[in-house]
> 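Okay, here's the structure, questions in a sec.
Chain A is the first sequence line, chain B the second, and so forth, proteins listed ahead of strands; every chain is numbered from 1. Not measured: the values here are computed from a predicted model.
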Protein chains: 2
Amino acid sequence: MKEKTPATSKGPRPSPTRSGGRRAVTVTDIANAIGVSRATVSLVLRNSPLVHVETRARVEAELRRQRYVYNRGAANLRRQTSNSVALVINDLSNPFFAEFAAGVDEALGSKGFVTLLGSTGESPERQHAVLSTLMEHTPAGLILSPAEGSESAQVTQVLGEHANVLLFNRELGGVEWDFLALDNQRGAAMATHHLIGLGHTRIAFFGGHAESSSCRQRRAGFAQAMEEAGLTVEPQWLIESAPNRLEAAACTGALFTQAQSPTAAVCYNDTVALGLMLGLTSRGIQPGRDFAVTGFDDISEAAVSSPSLTTLAVNPRERGRQAAELLLHRLSHPDAAVERLTAPVELRIRQSSGGTRR
Amino acid sequence: MKEKTPATSKGPRPSPTRSGGRRAVTVTDIANAIGVSRATVSLVLRNSPLVHVETRARVEAELRRQRYVYNRGAANLRRQTSNSVALVINDLSNPFFAEFAAGVDEALGSKGFVTLLGSTGESPERQHAVLSTLMEHTPAGLILSPAEGSESAQVTQVLGEHANVLLFNRELGGVEWDFLALDNQRGAAMATHHLIGLGHTRIAFFGGHAESSSCRQRRAGFAQAMEEAGLTVEPQWLIESAPNRLEAAACTGALFTQAQSPTAAVCYNDTVALGLMLGLTSRGIQPGRDFAVTGFDDISEAAVSSPSLTTLAVNPRERGRQAAELLLHRLSHPDAAVERLTAPVELRIRQSSGGTRR
DNA sequence: CTGAAAGCGCTTACAG
DNA sequence: CTGAAAGCGCTTACAG
């Protein structure tokens with residue numbers, strides 16, 4: 001007769017995990033209650049065909065009766081596995097990333113994984129702290145949208161070289177991790193082609209930080225389309241601005257310093273485009289009539305601004321699902337070649353790209 | 001001399017948890033490397049003052065050298081504690097909830113907790129599945145923004161009566177859990193007072209599902225303000241609509257079926273208000289000039305619509321922090337009285353509430 | 001088909 | 001101040 005009381009039952013314990021103080025029901029409780037071994041209960045839980053159908057029924061009944069809750073942490077520890085995936089987002093309050101996160105969680109959940117969330121607010125320091133904490137929970141893999149200014153050395157230091165990582169949206173130099181990004185270059189090229197097709201020849205690229213990889217790629221697409229059409233990119237019409245509405249509006253004047261002004265602008269993103277439209281309007285230039293504007297992202301405001309904004313839809317939720325699937329694939333194929341994927345974007349033509357073309 | 005190789009080292013194992021196949025470094029590795037016991041290493045990890053300063057230094061050096069990563073799951077199992085909190089959101093793609101989630105994660109992270117994310121897409125079935133999965137990870141507590149149509153019986157069944165739960169935004173009948181919501185009633189009353197102060201007397205309440213608790217509360221605030229001003233609520237000006245732009249726009253006509261029409265509307269939320277403004281415009285009625293409109297939420301579009309939308313700011317990120325703090329407080333005070341908190345909202349006056357008042 | 005035993009990585013009285 | 005031992009809740013060869 002073995003004593004079932006835990007050795008320490010006399011002293012006070014740290015507050016237990018589950019629900020308001022009750023001790024959790026364990027496989028031992030179930031096994032004892034119906035006189036089978038813990039192994040048998042475990043086999044039932046894991047759906048093993050080894051256990052007799054009638055024994056299984058008795059176990060299952062008792063499981064329900066005692067409202068047993070599986071302790072996946074304990075199981076994972078024993079089995080040396082994990083069913084969690086860490087998702088680290090630079091800015092969850094950005095609808096683009098929020099949608100992305102929703103897609104990730106949806107796809108992960110449907111495969112029985114649980115999402116460990118971390119958000120960094122674009123701070124490399126916070127990112128470091130968040131990653132360290134999350135790694136202590138032994139996630140099977142990690143989906144990381146790096147904070148602006150992340151150093152790959154710092155990131156690999158905390159993650160280890162060989163972790164199962166999927167990078168989203170921003171590259172990190174010198175690591176061999178899977179990478180998923182938007183097709184920034186093609187998107188910007190599509191917007192540029194669209195404007196050219198409308199008859200514009202003097203086109204600016206407006207907004208964004210030139211150093212950021214997404215801005216570089218979008219500028220490259222812009223330049224490519226211009227070149228294909230035999231048009232010249234005027235260096236003074238490559239205008240930088242912080243990616244927010246106010247700064248963008250304030251930079252509007254930079255478009256009109258020459259005798260010859262552009263008649264259209266491909267903007268770094270929707271926010272910048274919205275800012276530019278504000279800036280144009282306040283100068284008496286009506287966007288969509290006197291000047292054509294395109295954005296990037298298709299944020300929800302794009303459809304309802306006036307004029308509505310021609311832009312590139314990026315389908316962030318679908319990107320989230322895709323990211324989850326790529327990571328899950330990596331988990332089961334640790335030795336497959338590194339993936340570098342670029343997701344298609346779709347041109348949405350609206351009113352803002354109307355306008356005069358001379 | 002004890003054999004250090006795991007008993008099962010011969011057979012193939014399920015793919016191990018950490019980074020690309022390498023076995024994780026454990027306290028045993030550290031202890032063996034420098035010839036101390038695992039207990040000592042553990043004491044160092046937990047910052048116990050018991051261990052000699054020099055021993056501590058040696059242990060810490062070795063920890064770094066071997067890039068040891070603490071296994072919090074194992075520690076939590078042994079200590080019968082948890083440092084995770086589950087966050088279940090009905091709709092993460094709604095910016096309001098995304099901001100809320102960001103706030104929760106921020107506050108939780110700063111207290112050393114990790115966020116287990118679940119999103120339900122407003123489906124009670126998915127919510128049930130998500131909750132079951134998350135509970136297997138023994139979260140210390142749960143922040144739940146219930147899906148529309150959640151049954152409290154189903155929820156308590158999976159969570160247990162006594163779990164540490166904080167309900168956000170939507171009530172669940174017959175449970176004794178902490179609850180945090182916006183001050184819907186006062187918010188709607190503020191909007192109504194604002195319109196009355198501008199001289200309006202014929203005011204409608206527009207949009208939302210009358211059964212939803214938030215709509216009921218907002219209608220109550222509207223009615224209260226009207227009554228305080230000695231104005232009558234016309235039942236035919238209590239107009240329902242699904243909370244999306246299109247449906248709202250389609251319901252515009254319902255305001256103008258009588259000889260006497262309202263001159264202003266308090267809308268259920270911003271989305272509905274934006275829809276109504278669309279509907280008004282297409283009837284040749286200019287919102288903010290011919291008809292006054294207010295919203296609720298202060299979504300980012302509110303500031304940039306034309307006219308810009310007078311609305312109630314709800315500060316979802318701050319609500320998230322607050323929710324996290326309430327839950328953490330509950331964890332340390334399991335027997336404190338149930339909290340029912342109502343968060344202040346703030347009137348933001350913009351152009352849409354201008355307009356004629358007769 | 002079922003049970004006894006060992007072990008996942010950690011922590012914590014308890015001795016020394 | 002340090003070590004040996006037991007145990008958290010689970011799983012898995014291994015015998016029977």
> Does anything in residues 110-134 of chain B form a salt bridge (Lys or Arg N to Asp or Glu O under 4.0 Å)? List the pairs, not counting sequence neighbours.
B:E122-B:R170

> So what does B:A75 hit on the nucleic acid, given a heavy-atom distance under 4.0 Å: a base, only sugar-phosphate, or nothing?
sugar-phosphate

> Among residues at least two apart in sequence or on other chains, which ones pass salt bridge (Lys or Arg N to Asp or Glu O under 4.0 Å) with A:D29?
A:R23

> Using heavy atoms and a sub-4.0 Å distance, could you list which residues of residues 50-57 of chain B are near DNA chain D? By number, please.
B:L50, B:V51, B:H52, B:T55

> Mind checking salt bridge (Lys or Arg N to Asp or Glu O under 4.0 Å) for A:E60 and listing every partner two or more places apart, or none if nothing turns up?
A:R56

> Measure CG/B:N32 against P/D:dA4 and give the value in whole Å, please.
11 Å

> Please confirm whether the shortest side-chain N or O distance from A:Q80 to OP1 or OP2 of C:dG9 is below 4.0 Å.
yes

> With pairs defined as Watson-Crick or G-U wobble and both distances under 3.5 angstrom, please note down DNA chain D as a dot-bracket string, | for pairing with another strand.
|||.||||||||.|||

> Within less than 4.0 Å of OP1 or OP2 of D:dT12, is there a side-chain N or O belonging to A:R46?
yes

> Answer yes or no: is there an ion pair linking A:R340 with A:E176, defined by an N-O contact shorter than 4.0 Å?
no

> CZ of A:R79 versus P of D:dC10: gap in Å, rounded?
14 Å

> Whole angstroms only, please: what is the NE2-C1' distance between A:H137 and C:dG9?
14 Å

> Any base atoms under 4.0 Å from B:T26, or only sugar-phosphate, or nothing? Heavy atoms, all strands.
sugar-phosphate

> Tell me, which pairs form a side-chain hydrogen bond (donor to acceptor under 3.5 Å, both in side chains) where one or both residues lie in residues 145-159 of chain B, sequence neighbours left out?
B:N90-B:S145, B:Q127-B:S150

> Rounded to whole Å, please give me the gap between OH in B:Y70 and C1' in C:dG9.
10 Å

> What is the distance, to the nearest angstrom, from the CZ atom on B:R78 to the P atom on D:dA5?
15 Å

> What side-chain donor-acceptor pairs closer than 3.5 Å can you find for residues 39-53 of chain A, not counting sequence neighbours?
from	atom 1	to	atom 2	distance (Å)
A:T40	OG1	A:S37	OG	3.2
A:S48	OG	A:L50	N	3.0
A:H52	ND1	A:E54	N	2.9

> How long is the line joining CG of B:N47 and P of C:dT12, in whole Å?
13 Å

> State which of C:dG9, D:dT11, D:dC10 makes the closest approach to the side chain of B:A74.
C:dG9

> Could you state the atom-to-atom distance from CD1 of B:I30 to C1' of C:dC10 in whole Å?
13 Å

> Heavy atoms under 4.0 Å, any strand shown: does A:S42 hit a base, just sugar-phosphate, or nothing?
base

> Mind checking what makes salt bridge (Lys or Arg N to Asp or Glu O under 4.0 Å) contact with A:R317, not counting sequence neighbours?
A:E99, A:E106

> Under 4.0 Å: is that the gap between some side-chain N or O of A:T40 and OP1 or OP2 of C:dC1?
no

> Working note: B:L142 + B:V88, criterion side chain to side chain contact (heavy atoms under 4.5 Å, CB included); need CA distance, chi angles, decisive distance, verdict.
CA-CA 8 Å; B:L142 172 77; B:V88 179; 3.7 Å; yes

> Report the residues that fulfil side-chain hydrogen bond (donor to acceptor under 3.5 Å, both in side chains) with A:E62, sequence neighbours left out, ordered by chain and then residue number.
A:R65, A:Q66

> Closest-nucleotide mapping onto DNA chain C: is A:A39 or A:P49 further toward the 5' terminus? I mean the 5' end.
A:P49

> Taking only the side-chain heavy atoms of A:L77 (C-beta and beyond), determine which of C:dC10, C:dC8, D:dC10 contains the nearest atom.
C:dC8

> In whole Å, I'd like the distance from the CZ atom of A:R38 to the C1' atom of C:dC8.
13 Å

> Please determine, by modelled atom types, if B:N76 and B:T81 share a side-chain donor-acceptor pair under 3.5 angstrom.
yes

> Taking the side chain of B:V27 as heavy atoms from C-beta outward, which of D:dG3, C:dG3, C:dC10 is closest to it?
C:dC10

